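Working notes, structure below.
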Amino acid sequence: AQSVTQPDIHITVSEGASLELRCNYSYGATPYLFWYVQSPGQGLQLLLKYFSGDTLVQGIKGFEAEFKRSQSSFNLRKPSVHWSDAAEYFCAVGATAGNKLTFGGGTRVLVKP
Amino acid sequence: NAGVTQTPKFQVLKTGQSMTLQCAQDMNHEYMSWYRQDPGMGLRLIHYSVGAGITDQGEVPNGYNVSRSTTEDFPLRLLSAAPSQTSVYFCASRPTGVNTIYFGEGSWLTVV
């Protein structure tokens with residue numbers, strides 16, 4: 001069975017500092033990996049996705065993520081955080097041709113001025 | 001093009017009441033699904049559909065029914081609401097052959 005672990009429930013970061021959110025997955029085949037962001041009271045917005053190819057993936061809002069097969073990880077990074085990045089972030093893994101995503105528990109990011 | 005539309009956005013139910021959460025998409029997506037979001041647990045799949053007339057259970061289907069009579073609509077029915085069904089519900093869809101899922105804005109349900 002597939003699973004996703006986001007070890008950090010909360011992260012507090014100062015505006016302008018760098019941010020890294022951890023994601024570890026368990027999946028029997030080649031994973032399709034996603035990062036979503038959810039602002040308070042809002043739905044989920046896709047930040048980026050990885051299917052194959054270059055293991056460093058660029059997304060929207062200045063985010064990037066790196067797929068490391070040997071570590072079963074797909075960590076999300078941003079070099080310089082803005083106050084508007086305060087939100088909850090979800091990592092998810094899906095099948096190659098399915099409709100079922102398995103989500104991690106989420107990491108809530110707080111941004112200090 | 002409205003994307004994935006969910007109604008209602010907020011609802012309070014009494015235990016034992018029934019209701020239907022509506023989901024509609026205007027993108028002609030074959031795949032549609034319902035997730036529930038609970039604190040610390042991320043989103044969990046309730047039911048999904050791979051096309052009109054076809055539905056299947058996800059990770060947490062108990063207490064919920066779905067049907068898919070058209071490509072556009074995928075309603076989620078709570079037959080007898082329980083406090084454990086207090087949650088935020090998200091409908092999602094994706095086009096055939098593409099592994100990107102598009103989410104609605106969510107429906108906040110409280111069962112008292």
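Sequence lines set the chain letters: A, B, ... in the order given, protein chains first and strands last, and positions in each chain run from 1. In this text the structure is predicted, and so the values were computed from the model without any measurement.
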Best-contacting candidate, B:G40, B:P39, B:G58, against chain A by heavy atom pairs under 4.5 angstrom: B:G40

Over 12 foreign heavy atoms within 6.0 Å of NZ, A:K112: no

Under-4.0 Å salt bridge between A:D8 and A:R22: yes

Look only at the side chain of A:K78 and the backbone of A:K61, and say whether a donor-acceptor pair between them is shorter than 3.5 Å. yes

Top contributor to chain A interface from B:M41, B:Q37, B:E59, B:Q6 [non-hydrogen pairs under 4.5 Å]: B:Q37

Aromatic plane relationship, A:Y36 with A:F103 - under 30° parallel, 30 to 60° tilted, over 60° perpendicular: tilted

Side chain to side chain donor-acceptor pair (under 3.5 Å) contacts touching residues 10-20 of chain A (sequence neighbours left out): A:E20-A:N75

Spell out the residues in residues 102-112 of chain B that have some non-hydrogen atom less than 4.5 Å away from a non-hydrogen atom of chain A, in order of number; otherwise answer 'none'. B:F103, B:G104, B:E105, B:W108

Ring-plane angle category for B:W34 and B:Y89, please: parallel below 30°, perpendicular beyond 60°, tilted otherwise. perpendicular

Is a donor on one side and an acceptor on the other found under 3.5 Å between the side chain of B:R68 and the backbone of B:T70? yes

Could you look at A:L46 and say if it's the side chain, the backbone, both or neither that has a heavy atom under 4.5 Å from chain B? side chain

Please tell me whether A:V81 and A:W83 are part of a single hydrophobic cluster in this structure, the criterion being side-chain heavy atoms less than 4.5 Å apart. no

Under 4.5 Å to a heavy atom of chain B? For A:Q38 that would be side chain

